[in-house]
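A quick write-up on the structure given underneath.
No hydrogens, no waters, no symmetry mates; every other heavy atom, side chains included, goes into these values. This one's a predicted model, so the numbers in the text were calculated from it and none came from an experiment.
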Amino acid sequence: MDTLEEEVSQVDIQAQIRADFSMLESGQAIYLDSSSTSLKPVHVARAISDVHSQHCSNVGRSNHRIAEYITSEFEEVRTKVALILNCYVDEVAFSFNCTDSINTVANSISLTESDQVIVSELEHHSNLLPWLNRAKVKTVRTLESGTVDLDHLEELLKTPTKLVSVTHASNVTGNIQPVEEICRLAQQYGAMSLIDGAQAMGHFLVDVKAIDCDFYAFSAHKMMGPSGVGVLYMKRDKQDLLGFSRYGGGMVNMVTSDAVSYHSGPAKFEAGTPNIEGVIGFGVALDYIANIGIDFIHKHNQAMADYFINHKNSDRNIIYPFPLALKRIPVFTFRPTGKIDINYISRILSDRYKIAVSTGFQCNQPLYRRKMIDGGIRVSLHVYNNRSDIDRFFQAIEELEIFLA
């Protein structure tokens, strides 16, 4: 297939993808806020509705036909996650979001105020606050390339360290971090590793065995699934190091008046009734991603990032305070050259142009404070976005030149 035919084919596929997202089809918005939460295809909504209308039951609690069916469907999603991550099924635990997954580790491992935990300056508050409350936190610098300074990390690791916890892809800069090298260094110095994959999952292939991390956390809602579902990958040989972060039904083998026998594996961390319909909907989202192909998504999103960068380089009304790494997801944060309030710009973009973007600190105030910047405007794209979305965004910015100058 020649280049023109490939381009036409990609356009056709992308048009079919956009048709699966009702908000885009109805013209409600030009949605450029996927790092906050991704849009959901109609298939996910239908699956959730079917759970309520056709298969309503708890999981792992009863042996009637409906309960057995929904339990089987629920556990099938765990298997899908394991296949995608390239790990064992018993290394996958469901949580309520990426934040919950990180807190599960923070509240389950043995930590004292004198234990050192290393994070990067790129971390979302969800991968900073849980450690600030439990340990002595050190922050590794980033290079001018926008990636973690591995030499500085190694220097910090020379002080005994319990855990290194870093993002896979920044929700502010979009830069993909060298997580394999980070985890290798952590292991070399006897530290555990946790990767926050909230922004990475669904954009490119993630292989936890190749990364060789001890923990990997992410959310379904960032990868076209429903809210209220998270995943925590836990390497088998690290699970015994984790205590209990919560207690309740579903996590025990036996309870007597003077003893309790707990499950091992994922059930140990899944006390109480889970978000059943959310997990089922997440399974449909995983199928949707698989049907499109993660390679197609990655290639499309790279093309969107390149197209945005080409526009960016010709627009003098806005500045980009953070470096753009070569390896990145399509996330761009900028500020106007003038002194106008960024929230005002966001409202104009929304009300006049139906363009949805994020404003503020994107839950990473330390990164902005170090740059002495009072927040930014973030554009984040996904597979359902196209060049027209980017063109209309920059057209709107150009029309707002009077405000930005």
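- For residues 59-87, the ring-ring contact (aromatic ring centres under 6.0 Å, His included) pairs, not counting sequence neighbours, are His55-Tyr69, Phe74-Phe94.
- Ser219 places no side-chain N or O within 3.5 Å of a backbone atom of Asn97 that could act as its donor or acceptor partner.
- In this view, Gln239 satisfies the side chain to side chain donor-acceptor pair (under 3.5 Å) rule with no residue, not counting sequence neighbours.
- Among residues two or more places apart in sequence or in another chain, the side chain to side chain donor-acceptor pair (under 3.5 Å) test is passed with Arg78 by Glu75, Glu270.
- Looking at Ser193, its side chain does come within 3.5 Å of a backbone N or O of Asp214 through a donor-acceptor pair.
- Within the 3.5 Å criterion, the main-chain N or O of Gly146 finds a donor-acceptor partner in the side chain of Gln177.
- Centroid-to-centroid, the aromatic rings of Phe308 and Phe394 come within less than 6.0 Å.
- The stretch residues 29-47 participates, sequence neighbours left out, in these salt bridge (charged side-chain N to carboxylate O under 4.0 Å, His left out) pairs: Asp33-Arg378.
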Using the side-chain hydrogen bond (donor to acceptor under 3.5 Å, both in side chains) rule, take Asn171 and Ser35 through it: C-alpha gap first, then chi angles, then the decisive distance, then the call.
-> CA-CA 6 Å; Asn171 74 309; Ser35 284; over 6 Å; no
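- In this structure, Lys162 contributes its side chain and Ala135 its backbone to no donor-acceptor pair below 3.5 Å.
- Annotation: side chain to side chain donor-acceptor pair (under 3.5 Å) contacts of Asp391 (sequence neighbours excluded): Tyr307, His311.
- Scanning for salt bridge (charged side-chain N to carboxylate O under 4.0 Å, His left out) contacts around Glu277 gives an empty result, with sequence neighbours left out.
- Under the 3.5 Å distance criterion, the side-chain polar atoms of Asn275 are matched with a main-chain donor or acceptor of Gly228.
- Applying the ring-ring contact (aromatic ring centres under 6.0 Å, His included) test to residues at least two apart or on different chains, the pairs with a partner in residues 138-185 are His168-Phe204, His168-Tyr216.
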Please set out all donor-acceptor pairs under 3.5 angstrom arising from side-chain atoms of residues 367-377, sequence neighbours excluded.
unit_1: Tyr368; atom_1: OH; unit_2: Gln362; atom_2: OE1; d: 2.4
unit_1: Arg369; atom_1: NH2; unit_2: Gln365; atom_2: OE1; d: 2.9
unit_1: Lys371; atom_1: NZ; unit_2: Pro321; atom_2: O; d: 3.2

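- At least one side-chain heavy atom of Pro336 sits less than 4.5 Å from a side-chain heavy atom of Ile342.
- Partners of Arg236 under the salt bridge (charged side-chain N to carboxylate O under 4.0 Å, His left out) rule, at least two apart in sequence or in another chain, are Asp90.
- By the side chain to side chain donor-acceptor pair (under 3.5 Å) test, Thr104 is found to be paired with no residue, residues two or more places apart in sequence or in another chain being considered.
- With sequence neighbours excluded, the residues that form a salt bridge (charged side-chain N to carboxylate O under 4.0 Å, His left out) with Asp212 are Lys235.
- Ring-centre distance between His382 and His300: not below the 6.0 Å cut-off.
- By the salt bridge (charged side-chain N to carboxylate O under 4.0 Å, His left out) test, Asp237 pairs with no residue at all, sequence neighbours left out.
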